[in-house]
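Working notes, structure below.
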Amino acid sequence: MTSVDLVDAILARMAADDVSRSALARACGLSQPHISRVLNKQLKPGPKTLAKLARWLNGAGALAPLEGPAPSIADLQQLVKRMGGKSPERRMQIMHFLRLLDAMTGGG
């Protein structure tokens, strides 16, 4: 897979999963401006960046822990608002994922 193919695959997955460039940057341990230049094809990614992007695309590190303060109620409200704009099928996929995640972490 060429770097252009990888970037195209990343962009497709980001669109499908509603992933922001900031979230991708956090998950890959890269800066958001760097990610933007790579995704805009203004900068050819180096081997380390390619490896990080490929790991994210293949699922490893996709749920990297967030740095900074814990999400606030306002953050949660914004996520709920964004989820409301999704199709019913997409909302069901999200709810199913949350149920599976809850079961995996020992939730009720």
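Values in this document were obtained by computation on a predicted structure and should not be read as measured data.
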Kindly write out the residues that satisfy side-chain contact (heavy atoms from CB on, under 4.5 Å) with Glu89, not counting sequence neighbours, or none if the list is empty. Ser87
Output the distance between atom NE2 (His34) and atom CG (Leu43), rounded to the nearest 0.5 Å. 5.5 Å
Any chance CE of Met83 has more than 12 other-residue heavy atoms, nucleotides or ligands included, within less than 6.0 Å? yes
What residues form a side-chain contact (heavy atoms from CB on, under 4.5 Å) with Ile10, not counting sequence neighbours? Leu6, Met14, Leu24, Leu39, Leu53, Trp56, Leu57
Does Ser36 use its side chain to pair, donor to acceptor, with the backbone of Gln32 at less than 3.5 Å? yes
Could you give all pairs that pass the salt bridge (charged side-chain N to carboxylate O under 4.0 Å, His left out) test and reach residues 14-23, with sequence neighbours left out? Arg13-Asp17, Asp17-Arg90, Asp18-Arg82, Asp18-Lys86
Sequence neighbours excluded, the answer for salt bridge (charged side-chain N to carboxylate O under 4.0 Å, His left out) partners of Lys44 is none
Locate the shortest heavy-atom distance separating Ser20 from Ala23; write the atom from each residue and the value. OG-N, 3.0 Å
Are Asp8 and Lys41 close enough, and set up right, to give a side chain to side chain contact (heavy atoms under 4.5 Å, CB included), and what steps lead you there? CA-CA 10 Å; Asp8 289 342; Lys41 299 175 185 169; 2.6 Å; yes
Test side chain to side chain donor-acceptor pair (under 3.5 Å) applied to Ser31 - qualifying residues, sequence neighbours left out: none
